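Beneath this line is the structure, given in structure tokens, with notes to follow.
Every chain is numbered from 1 and lettered A, B, ... according to where its sequence line falls, protein lines coming before strand lines. Owing to the predicted nature of the structure, the values given are computational and were not obtained by experimental measurement. Side chains included, hydrogens not; waters and symmetry mates left out as well; all remaining heavy atoms used.
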Amino acid sequence: MIAWPQHLIVLPILIPLIAGAGLLFIPDRQRSVKAMVSLAATIALGAVSLLLMAASGESRFGAVYLVGNWAAPFGIVLVLDRLSALMVVLTALLAVPVLSFALARWHSAGAHFHSLYQFLLMGLNGAFLTGDLFNLFVFFEVMLAASYGLILHGSGPLRVKAGMHYIAINLAAALLFLIGVSLIYGTTGTLNMADLAERLPTIEPDRRLLMEAGAAVLGVAFLVKAGMWPLCFWLPSAYSVAAAPVAAILTLMSKVGIYIIIRLTLLLFAEGPSAGFGSGVLLYGGLATLAFGTIGVLASQALGRIGAYSVLVSSGTLLAITGLHDEAATSGALLYLLSSTLTLGAFFMLVELVERGQDAGASVLAVTMELYGDADNEVPEEGQGTTMPATLAVLGICFASCAILLSGLPPLSGFVAKFVMLSALIGTGSVGSSPTGGALIFVTLVILGGLATLIALTRAGIRAFWSSIEGTVPRVLVMEIVPIMLLLTITATLTVKAGPALAYADAAVRSIVDPGIYIKAVQGVAPQKSRRDHTAAPGE
Amino acid sequence: MELVLSAAIGFMTACGVWLLLRPRTYQVIVGLSLLSYAVNLFIFGVGGVKSDEPPLLTEGASVALLADPVPQALVLTAIVIGFATTALFLVVLLASRGLTGSDHVDGRSDPR
């Protein structure tokens, strides 16, 4: 008999699917009912994902779920190992606070917010759990179709314009995805990831060239999502104009591309004649992204754009680490992925609260004043200082925490993650080989990127909190600030519990660097006998 | 037959890419449609170009002559998804036209 915890694996896909589809039937007038259903489904998703994570920690390898009870290369499989469990948990950890933030006002800014949100979660979870390339394409399309709707949520000319660019580039990337998948199928005859990993080292040289071309085309499709440098110009404008909760959940979408790249490079190109395929592109592309993001962060005036370029900085860091093929650094990178995604999610929501009190032109005006001075209307010095309103104080503390996390300063988890990555690359100094050129450039860029983020956020923070021109206090609901604080608390917990988190990341990396474990786990699962077979042959 | 098929795919892709890079939204969507046709044909061709061969294994049928059913299944999925996303893009295109009053991809008033 199939054990019931096995069926848990499919729940992160089923819960949002059922909730999202069911929400379509509740009319928009019953907004609170919709909100409750959506929130309950997301919290249930969180509980299931935590259970899955606990289950994947027990055995050396998590579990494999045969959808439709067909054996591995023929049917579709869902694979739960530590890495995919980690990503599913991250999705839920970000999804619950973002949804409760959206409940304050954003969910009523357009139609079907909750359904789209649930479908986005379904696509994300599916992409993390699937073990089949074409199934991955389907989940990518589910996720993208939902994100097209969400990015237009709230409407307005800016969103429609950025949304149109976003849809056009993602449709083109989806076509590249299809070309890559079909080339790989044509040369290897399989789409199952484990089967593919097993066959790759032995295919003939003339087919290998075509297969590598297919893998490269496929890689371009993922790199568009991840935002690697020459493919990333759509990202800042799309992320900075999206509604705050949408931008916050979209930070996960760039991480999906990175997850797939980590998964596929380690699984398919670990050994054999194609070993290390594409790692140069990932390393130098990642470094270029890091540099581009850093310059973008420094050049941005609006807070939303700083956040969007920080997404690029984080993507660049993770891609370069993937290209370096360093086990210890990769587990640091997983920690960095957790920390930066949660922080950026909190940051995008915070930006909306901070900017609520300001005029659209106020920030531009502030910059001009900074540059040219405003000697004509000098503000008279006040005799006694004014007390800061409580709202601004809370927002300011959250903003400062985000700045510390994003730039990687102690004591929060951004620092811990960066420290693990850098110390793995430089070495402890006493023993070991000297770092390579690529690693040194990476270390330099990461440190410079942290400095640039700190400068940009300090500048923006001073302008927003200490020298705001009109001095109006944004009206902020408790319901809106609590999710942000919750996300920051999670990163603080990640700091305190950095040891166990890093041990988990280490175990996750160890189980993915050896493709043999993955292949054996997927192929070792036999389909369950149906009840009819049992009754037909009771003697067996 | 292979030559004709590959030439058709190549020509369609070339037209699609050119149209995709044009400044008017209508050209972009026609380009995307052409590209998706080309990709669908490409997926179809990946299974080997055969005519009059069933994808079903029956008694006495030679495996070498069989048409590969997997690309056919893939292309079906790809057509459905491509159709839906193109329809969605069309809606966004109309929204953009309504909001900016022009069909330039950047919403500029003098599309050239």
The interface call for B:Ile81 against chain A, heavy-atom contacts under 4.5 Å, is side chain
Distance-only, no hydrogens or angles: does the A:Thr130 side chain make a donor-acceptor pair with backbone N or O of A:Gly126 under 3.5 Å? no
Just give me the residue among B:Ile29, B:Leu93, B:Val46, B:Val17 that pairs up with chain A most often, heavy atom to heavy atom, under 4.5 Å. B:Val46
Assert top hit (heavy-atom pairs under 4.5 Å, partner chain B, pool A:Val138, A:Leu183, A:Thr187) equals A:Leu183
Which region of B:Leu88, side chain (C-beta onward) or backbone (N, CA, C, O), has a non-hydrogen atom less than 4.5 Å from a non-hydrogen atom of chain A, or is it both or neither? side chain
Among A:Ala168, A:Ala174, A:Gly189, A:Ala145, who wins on heavy-atom pairs under 4.5 Å with chain B? A:Ala168
Please name the residue in the list B:Gln27, B:Arg97, B:Arg24 that meets the side chain to side chain donor-acceptor pair (under 3.5 Å) test with B:Asp103. B:Arg24
Given that the side chain runs from C-beta out, which part of A:Leu144 has a heavy atom under 4.5 Å from chain B: side chain, backbone, both or neither? neither
Heavy-atom pairs under 4.5 Å with chain A, option from B:Leu35, B:Val105, B:Val75, B:Leu74 with the top count: B:Leu74
When B:Asp68, B:Val91, B:Thr25, B:Val28 are compared by non-hydrogen pairs under 4.5 Å with chain A, the top option: B:Asp68
Can you say whether the rings of A:Tyr166 and A:Trp234 are parallel (under 30°), tilted (30 to 60°) or perpendicular (over 60°)? tilted
Would you mind telling me which of A:Ile167, A:Val142, A:Asn170 has the largest number of heavy-atom pairs within less than 4.5 Å of chain B? A:Ile167
Side-chain contact, heavy-atom cut-off 4.5 Å: A:Val246 with A:Phe113? yes
Which atoms form the tightest heavy-atom contact between A:Leu250 and A:Tyr239, and what is the distance? O-OH, 2.8 Å
Between the main-chain N or O of A:Val241 and the side-chain N or O of A:Arg159, is there a donor-acceptor pair closer than 3.5 Å? yes
Is a donor on one side and an acceptor on the other found under 3.5 Å between the side chain of A:His153 and the backbone of A:Tyr148? no
Side chain, backbone, both or neither: which part of A:Leu152 has a non-hydrogen atom closer than 4.5 Å to chain B? side chain
Rounded distance [0.5 Å steps], OG in A:Ser182 versus CZ in B:Phe44: 13.0 Å
Taking every non-hydrogen pair under 4.5 Å, which of B:Thr100, B:Asn40, B:Val39 racks up the most with chain A? B:Val39
Honestly, the part of B:Leu20 sitting under 4.5 Å from a heavy atom of chain A is side chain
